[in-house]
There are 2 protein chains.
Amino acid sequence: MINIRLSVAIHVLSLISTDSTLSSEKIASSVNTNPVVIRRISSDLKKAGILTSKVGVPGSSLTRDPSDITLFDIYKAVHIEKELFPIHNNPNPDCHVGKKIQHTLNVTFESVQTAMENELKNKTLESVMNHLNE
Amino acid sequence: MINIRLSVAIHVLSLISTDSTLSSEKIASSVNTNPVVIRRISSDLKKAGILTSKVGVPGSSLTRDPSDITLFDIYKAVHIEKELFPIHNNPNPDCHVGKKIQHTLNVTFESVQTAMENELKNKTLESVMNHLNE
DNA sequence: GAAGGGTGTAACAATTACTGTTACAACTCA
DNA sequence: TGAGTTGTAACAGTAATTGTTACACCCTTC
């Protein structure tokens, strides 16, 4: 478990895609949080090229169709760059296991993380919104 | 993800499988942590039926062959039960999106988590140890 | 049966990350 | 001009994780 940013970001983008004039205040009331939390996440999404906005002007717009935005795009935008499974530091290099454990687990965990990321790539904002409209 | 328990647990099990007489003190010196951290993780692994040990007797043993212990077994043993991607609480039910976002994301995130877990199920302690011995 | 050394576990400190919040500069538009 | 907004820094509160001390209880050996 990491944080709720991905879920908030998807919520935000779902709202924006149907109404590009919503202020952070209004979005916050739908998400049930503070407007600054919304602006913070919007800022990440903006840096990632997923949405645009103008200082002083309420609202923001998607830069492309929801079918072209994968959950992985959103995930990358709002998550700190770090490994899914961190590995303990400074294992004892004088030990047969300690000497190689970090490299071994790096390789192992990387494929697990990739499997997770591929599944996020298979899902788009559009598919989530379709589910919301069912 | 969140913590280094999975990587420490794999380290511990790799050591135990080649020497079932190692004390938590010795294991801790290979992992480079405090013996209590090792005993805490060993306790989880014991509850999960992956290893056995006796109070007062140094060492512990695997209950089955490393080829029968998947990384998912270890993951379940040492991780708090919780979702990979948590979802924000109390979205506004008066909003079209807020009303359904939690259920929708639950379904969506579940399949992502399953993809990750399946990859963990595909890897065994034996395969990790083979990599350590290369 | 006493001593030394283990395990199991509770309790607490230190650290870190996340969320919520206040504050404010800079900007837009009526 | 003034109300309302975005973008962002700064900080408090909370929660989770790890490391650590402490100690009851249990072997094993002498």
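Quick note on labels: first sequence line is chain A, next is B, and so on, each numbered from 1. Since we're looking at a predicted model, the values are computed, not measured.
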| message | Expected output is a numbered-order residue list: members of residues 40-53 of chain B with a heavy atom under 4.0 Å from any atom of DNA chain C. What is it? | response | B:Arg40, B:Ser43, B:Lys46, B:Ser53

| Atom NE2 of A:His88 and atom C1' of D:dT17: how far apart are they, to the nearest Å? | 16 Å

| task | Check the side chains of A:Ser127 and A:Asn130 for a donor-acceptor pair under 3.5 angstrom, ignoring hydrogens and angles. | result | no

| message | Would the distance check show the side chain of B:Asn32 and the main-chain N or O of A:Asn90 forming a donor-acceptor pair, the cut-off being under 3.5 Å? | response | yes

| field | Spacing of A:Asn34 atom CG relative to D:dC11 atom P, expressed in whole Å | value | 17 Å

| remark: Whole-Å distance, B:Lys82 NZ to D:dA15 P, equals 13 Å

| query | Angle class for the A:His79/B:Phe85 ring planes (parallel below 30°, perpendicular above 60°, tilted otherwise)? | reply | perpendicular

| request: Look at the side chain of A:Thr108 and the backbone N and O of A:Thr104, then say whether any donor-acceptor pair between them is shorter than 3.5 Å. | output: yes

| task | Name the first nucleotide and the last nucleotide along DNA chain C (5' to 3') that come under 4.0 Å of a heavy atom in chain B. | result | C:dG5 to C:dA11

| query | Tell me, which of residues 10-20 of chain B have any heavy atom that sits under 4.0 Å from an atom in DNA chain D? | reply | none

| request: Would you mind classifying the nucleic acid contact of B:Val36 as base, sugar-phosphate or nothing, using non-hydrogen atoms under 4.0 angstrom? | output: base

| request: For B:Ser60, report the nucleic acid contact type (base, sugar-phosphate, nothing); a contact means any heavy atom under 4.0 Å. | output: nothing

| note | Rounded to the nearest 0.5 angstrom, the NZ-CD1 distance for A:Lys76 and A:Ile50 is 8.5 Å

| Spacing between A:Ile4 atom CD1 and D:dT14 atom C1', to the nearest angstrom | 13 Å

| query | A:Asn3 has an atom CG; how far is it from atom P of D:dA15, in whole Å? | reply | 16 Å

